[in-house]
Amino acid sequence: MEENPTIPDEDNNDNNNNNKEKESKEEKEMGSLSNSMMHRSSSRPQLDLTGAAIQGNFEERNPTILLPNQSDDISHLALDIGGSLIKLVYFSRHEDHPADDKRKRSIKKRLGLSNGNRRSYPILGGRLHFVKFETLKLNECLDFISTKQLHVGGIDSPSYSSRLLTDENTIIKATGGGAHKFADVFKERLGVSIDKEDEMDCLVAGANFLLKAIRHEAFTHMEGQKEFVQIDHNDLFPYLLVNIGSGVSMMKVDGDGKFERVSGTNVGGGTYWGLGRLLTNCKSFDELLELSQRGDNKNVDMLVGDIYGGLDYSKIGLSASTIASSFGRTISESKELSDYRPEDISLSLLRMISYNIGQISYLNALRYGLKRIFFGGFFIRGHAYTMDSISFAVHFWSKGQAQAMFLRHEGFLCALGAFLSYEKHGLDDLMAHQLVERFPMGAPYVDGKIHGPPLVDLNEKISWMEKFMQKGTEITAPVPMAPPPGTTGVGGFERPFSMGGTLRSDSSAALNIGVLHLVPTLDVFPLLADPKTYEPNTIDLADRSELEYWFTVLSEHLPDLVDKAVASEGRTDDAKRRGGAFARAFSAHLRRLMEEPAAYGKLGLANLLEMREECLREFQFVDAYFSIKQRENEASLAVLSDLLMELDSMNEDARLLALIEGVLAANIFDWGSRACVDLYHKGTIIEIYRMSRKKMHRPWQVDDFDAFSKRMLGSANEKPQPHKRALLFVDNSGADIVLGMLPLARELLRRGTEVVLVANSLPALNDVTAMELPEIVAEAAKHCDILRKAAEAGGLLVDAMVNIQDGSVENTASVPLMVVENGCGSPCIDFRQVSSELAAAAKDADLIILEGMGRALHTNFNAHFKCDALKLAMVKNQRLAEKLVKGNIYDCVCRYEPSR
Ligand SMILES: Nc1ncnc2c1ncn2[C@@H]1O[C@H](COP(=O)(O)OP(=O)(O)O)[C@@H](O)[C@H]1O
Ligand SMILES: CC(C)(COP(=O)(O)O)[C@@H](O)C(=O)NCCC(=O)O
Ligand SMILES: [Mn+2]
């Protein structure tokens with residue numbers, strides 16, 4: 001029986017019929033602008049609860065709940081049934097109907113993006129889930145598969161109706177010994193046939209896929225430090241792959257499908273767990289591993305010093321603390337097993353096995369001249385000390401020539417390989433930029449195991465959260481450590497680093513993998529100067545003081561955010577409960593990341609800010625700032641014509657300056673900044689905007705305005721060509737977009753530059769979304785002919801679009817103003833993963849303008865582009881201002897970098 005309370009398996013079991021009803025009611029209430037956004041949210045998986053029944057004993061803590069009519073996902077499943085664990089990889093695709101609104105259709109036509117010019121993927125977006133069970137508990141695994149109906153149908157099944165009955169011919173790919181051993185059980189229990197795939201083929205296919213497709217898959221782990229390794233696809237082979245499962249396999253991998261099993265050892269994970277269980281009476285693997293964390297193996301191991309009377313054997317380079325013989329000390333004393341501490345036994349065993357595997361691996365790497373060794377298999381279990389021990393052994397025996405690397409999906413290589421062996425799924429072509437890993441409340445906390453039945457609805461997920469978080473705080477508390485043992489190393493390795501104070505409890509920090517979202521429509525932004533070296537984050541949270549600072553900022557902002565989110569849904573009881581759950585979930589993620597910053601891959605500030613938005617969505621807050629955004633848009637639109645008149649009365653030079661000032665001043669409307677939110681209590685939107693404009697004195701803290709102005713306006717005797725197309729990455733709603741970016745867009749249009757407004761695909765804080773923009777532009781166009789004509793030409797005005805049939809007829813009176821979505825739902829932007837429409841729009845662009853702190857400072861401040869780039873932002877945080885621009889809060893950045 002698992003210790004943990006019932007927990008969700010992933011992020012896809014969280015909707016219910018109530019929410020469907022709620023959404024449709026809100027859709028009506030909120031009118032057309034929100035329509036399509038709501039649609040997005042309802043594209044989340046829906047659970048059909050009709051006919052749901054509790055199966056088995058009602059008294060049981062975690063009864064299995066059967067959902068006979070569950071029609072959420074169409075799934076595809078592959079298994080690796082090993083000697084110790086069953087690993088399951090399954091794919092889910094919810095019936096997604098991406099809003100095919102007019103804007104999208106029109107922009108697709110305009111940019112020549114038809115569905116036909118991309119390759120067609122049988123998997124058009126979906127998610128890969130990773131789950132494991134103990135092989136001894138095969139029944140739990142079968143129940144899980146049958147509850148989730150994973151064995152029914154496949155990715156090509158058109159609908160649930162075709163899945164009602166198990167197809168006699170349903171075939172599931174499986175590998176591992178159990179694929180042979182348990183084939184009959186699968187036939188009997190689930191009515192499916194097992195299609196056996198070769199384990200070694202799968203192992204290598206899985207490893208190659210992960211190394212190619214997941215950006216932060218491989219890492220080194222030395223002396224407690226985890227560091228992700230950027231793998232160059234062209235320089236991956238050959239390598240040694242060591243899979244430490246129950247037993248150990250060592251493969252020399254020369255390419256896709258090209259490998260040889262060069263060695264192995266029978267002393268592996270099964271040995272540690274089996275022998276450990278006999279010697280310590282532990283009831284679970286994790287318990288055994290946790291014991292080792294408090295162990296001191298010098299009580300069990302015979303050290304060089306024990307043999308040499310406390311002296312080093314320096315002639316052959318062995319210190320007194322070197323283990324001469326694992327468990328060797330137990331022969332010389334007349335002690336019983338019960339006289340030894342289980343902690344010491346567990347540690348001694350763990351080191352014996354890890355060193356042994358490390359050494360054999362190195363010898364094989366040496367034998368075949370391989371520099372890199374990747375370690376996989378669940379023996380490693382993301383355990384810091386195990387990885388340190390293996391790394392040490394490889395480093396020690398190779399005298400620093402070889403390096404051990406580990407894989408985040410360590411134990412799932414074979415299962416993933418089996419999954420990849422299905423033909424036609426198109427997965428093998430997926431690239432890193434088409435995969436987004438998310439860490440819903442569940443995945444990181446369940447350790448890939450299922451501790452109870454899948455949750456039926458969001459309500460249940462929230463209850464679980466309430467229970468689990470209480471327990472979770474216990475679990476995530478630091479483990480009290482015994483004083484670090486002094487003399488337990490192999491030559492010079494006095495003690496493994498991770499045994500020191502920073503050790504975390506591994507019962508909460510087990511599998512650091514999330515759910516892999518496959519998004520084939522994502523692209524690398526084509527205007528990045530060098531995609532290979534591009535790093536979006538300006539702030540690296542590997543720096544402890546940065547992490548602590550931003551942890552505090554985000555934690556302090558949480559109550560206000562919850563309040564906004566709950567208010568955005570009318571403060572209903574349901575919203576309040578979800579708000580509480582969101583706060584708990586996000587805090588838990590923050591705590592987890594404070595414990596181990598690299599737990600979910602390389603961590604930058606942008607990842608934290610995105611995770612906050614994802615967490616809100618997980619608890620079905622569609623748009624927490626919806627009404628605030630509307631209010632600010634209205635207030636700003638009301639004064640737009642006055643502003644435009646004022647601008648039009650200026651000469652060209654003064655106007656350009658006023659426009660840039662206007663963008664910087666209006667960037668103050670940021671509901672993500674603590675300082676700004678405090679300001680809003682002090683005046684109306686317009687008052688604050690005026691105050692902000694008044695303070696816009698040049699020189700700004702970063703001030704390349706003159707260079708930009710020269711490029712735009714030239715000098716008296718030289719008038720430059722206008723840019724052909726500008727991409728304006730817009731930020732916040734209200735004054736920011738209406739009084740800042742739209743007037744700037746208008747100026748560019750007036751000068752004959754096509755303008756593409758690039759906005760978020762999904763809401764984040766008070767950022768304006770691509771869905772909302774056409775309506776805002778339409779309103780603004782009422783005050784301005786330039787905007788109207790350009791918006792018409794760009795197919796943006798709905799009325800106009802009706803007349804010109806989907807915007808296909810060009811209006812030659814003006815260069816077009818267009819809107820594209822960026823593919824993100826975050827206040828920041830990662831240019832390695834943008835929407836295909838943005839990538840297409842970028843093709844003809846020769847100017848990009850990034851606006852706001854999220855997109856121009858937290859991310860991309862140091863990014864280089866192939867075209868001219870202008871980065872505009874007000875720094876709304878004191879510490880960032882000091883660090884980044886050696887200035888103060890409310891200073892401004894106008895950074896202009898001509899094309900490279
Ligand atoms: N929860 C667990 N239960 C049992 N063994 C575990 C667990 N977590 C990690 N392990 C370790 O992982 C090993 C199995 O690794 P795995 O890669 O799944 O191999 P196999 O395919 O042989 O089952 C076990 O022998 C044990 O050392
Ligand atoms: C979330 C944000 C990046 C949004 O800024 P924007 O891109 O809208 O200019 C920014 O508000 C932020 O960094 N806030 C946290 C810092 C603070 O509260 O001081
Ligand atoms: Mn913003």
Side-chain angles (χ1 to χ4, degrees), residues 2 80-87 132-137 175-178 199 203 243-249 268-277 284-289 350 353 376-383 386 410-415 447-449 506-507 510-511 539 549-550 552-554 556-557 560-561 605-606 608-610 612-613 625 666-678 729-734 736-737 759-760 763-768 826-829 850-859 872-881 889:
E2 298 287 357
D80 168 20
I81 312 175
S84 306
L85 300 170
I86 303 175
K87 280 74 59 178
K132 74 173 154 60
F133 297 86
E134 286 173 35
T135 308
L136 288 173
K137 298 177 184 164
T175 187
E199 190 170 341
L203 179 65
N243 192 56
I244 318 178
S246 308
V248 184
S249 280
T271 319
Y272 175 60
W273 176 207
L275 213 45
R277 199 181 69 83
S284 75
F285 179 85
D286 286 2
E287 196 186 330
L288 180 66
L289 207 53
L350 182 62
I353 290 166
F378 266 128
F379 167 69
I380 296 166
R381 206 200 159 288
H383 188 242
T386 306
E410 52 186 17
F412 286 105
L413 307 185
C414 290
D447 166 20
K449 289 183 288 204
D506 278 82
S507 57
L511 263 179
I539 293 165
Y549 174 74
W550 289 102
T552 311
V553 168
L554 296 190
E556 284 176 353
H557 185 235
D560 187 51
L561 178 56
L605 181 54
L608 276 189
L609 292 170
E610 179 170 28
R612 183 169 67 181
E613 301 299 331
Y625 289 85
N667 191 235
I668 202 166
F669 292 96
D670 165 14
W671 283 88
S673 151
R674 174 70 175 271
C676 293
V677 173
D678 288 346
F729 290 80
V730 299
D731 182 7
N732 304 323
S733 301
D736 200 345
I737 177 71
N760 264 24
L765 292 166
N766 59 322
D767 289 353
V768 65
S826 148
C828 300
I829 186 163
L850 293 174
E851 191 229 344
M853 214 160 133
R855 293 168 191 83
L857 302 183
H858 291 335
T859 49
L872 296 173
M874 178 187 279
V875 196
K876 290 154 287 189
N877 173 281
Q878 179 62 28
R879 181 181 162 113
L880 191 75
I889 187 164

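All ligand and atom numbering here is 1-based and tracks the order in the structure.
Atoms of ligand 1 found under 4.0 Å from any heavy atom of Gly270, numbered from 1 in the order shown, are 25 (O). The ligand atoms of ligand 1 that sit less than 4.0 angstrom from a heavy atom of Gly377 are 17 (O). When each atom of ligand 1 is checked for a heavy atom of Gly82 under 4.0 Å away, the hits are 20 (P), 21 (O), 23 (O). Residue Lys87 has at least one heavy-atom neighbour below 4.0 Å for each of these atoms of ligand 1: 16 (P), 18 (O), 19 (O), 20 (P), 21 (O), 23 (O). Less than 4.0 angstrom separates some heavy atom of Gly83 from each of these atoms of ligand 1: 20 (P), 22 (O), 23 (O). Using a 4.0 Å cut-off to heavy atoms of Trp273, the atoms of ligand 1 that qualify are 4 (C), 5 (N).
With a 4.0 Å cut-off on non-hydrogen atoms, Phe378 touches ligand 1 through its backbone as well as its side chain.
Considering only non-hydrogen atoms, atom 26 (C) of ligand 1 lies nearest to Phe285 out of Phe379, Phe285, Phe133, Phe412.
When the side chain to side chain donor-acceptor pair (under 3.5 Å) test is applied to Asn760, the partners found at least two apart in sequence or on another chain are Asn822, Arg855. In this structure Glu613 satisfies the side-chain contact (heavy atoms from CB on, under 4.5 Å) test together with Leu616, Arg617, Ala764, Leu765, Pro827, sequence neighbours excluded.
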(Q) Using the rule given for side chain to side chain contact (heavy atoms under 4.5 Å, CB included), can you reason through Thr175 versus Leu203, listing the C-alpha separation, both sets of side-chain angles and the distance that settles it, and then say yes or no? (A) CA-CA 9 Å; Thr175 187; Leu203 179 65; over 6 Å; no

Q | Asp731 and Asn667: CA distance, side-chain angles, deciding distance, side chain to side chain contact (heavy atoms under 4.5 Å, CB included) verdict | A | CA-CA 8 Å; Asp731 182 7; Asn667 191 235; 3.0 Å; yes

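For the Mn ion (ligand 3), the set of protein N/O/S atoms nearer than 2.8 Å consists of Asp731 OD1, Asn732 OD1, Asp767 OD1, ordered by chain and number.
Of all heavy-atom pairs between Lys87 and Gly411, the closest is CG-O, 3.4 Å. Listed here is the closest heavy atom pair of Leu85 and Lys132: CD1-CD, 3.9 Å. Taking both residues in full, the closest heavy atoms of Leu413 and Gly376 are given as CD1-CA, 4.4 Å, listed atom of the first, atom of the second, then distance. The shortest non-hydrogen separation linking Cys676 to Asp670 is CB-O, 3.6 Å. Between Trp671 and His557, the shortest heavy-atom contact is O-NE2, 3.3 Å. Closest non-hydrogen pair, Trp273 versus Phe285, comes out as CH2-N, 3.5 Å.
The shortest N or O to N or O distance between Tyr272 and ligand 1 is not under 3.5 Å. Residue Leu85 places at least one N or O, backbone or side chain, under 3.5 Å from an N or O of ligand 1. Not a single N or O atom of Arg381, backbone or side chain, sits closer than 3.5 Å to an N or O atom of ligand 1.
Under the 4.0 Å criterion applied to side-chain N and carboxylate O atoms, Arg381 and Asp286 are assigned as salt-bridge partners.
Trp550 has its side chain within reach of Asn877: a pair of non-hydrogen atoms, C-beta onward, lies under 4.5 Å apart. Within the 4.5 Å cutoff, the side chain of Val553 has no heavy atoms near those of the Arg879 side chain. His858 is listed as a side-chain neighbour of Met853, based on a closest heavy-atom distance under 4.5 Å.
Between the side chain of Ser673 and the main chain of Lys876, a donor-acceptor pair closer than 3.5 Å is present.
Protein residues having a heavy atom under 4.0 Å from any atom of ligand 2 are Trp550, Val553, Asn667, Asp670, Gly672, Ser673, Arg674, Asp731, Asn732, Leu765, Gly852, Met853, Gly854, His858, Lys876, Asn877, listed by chain and number.
In this structure, Glu410 does not count as a contact residue of ligand 1, since none of its heavy atoms falls inside 4.0 Å of the ligand.
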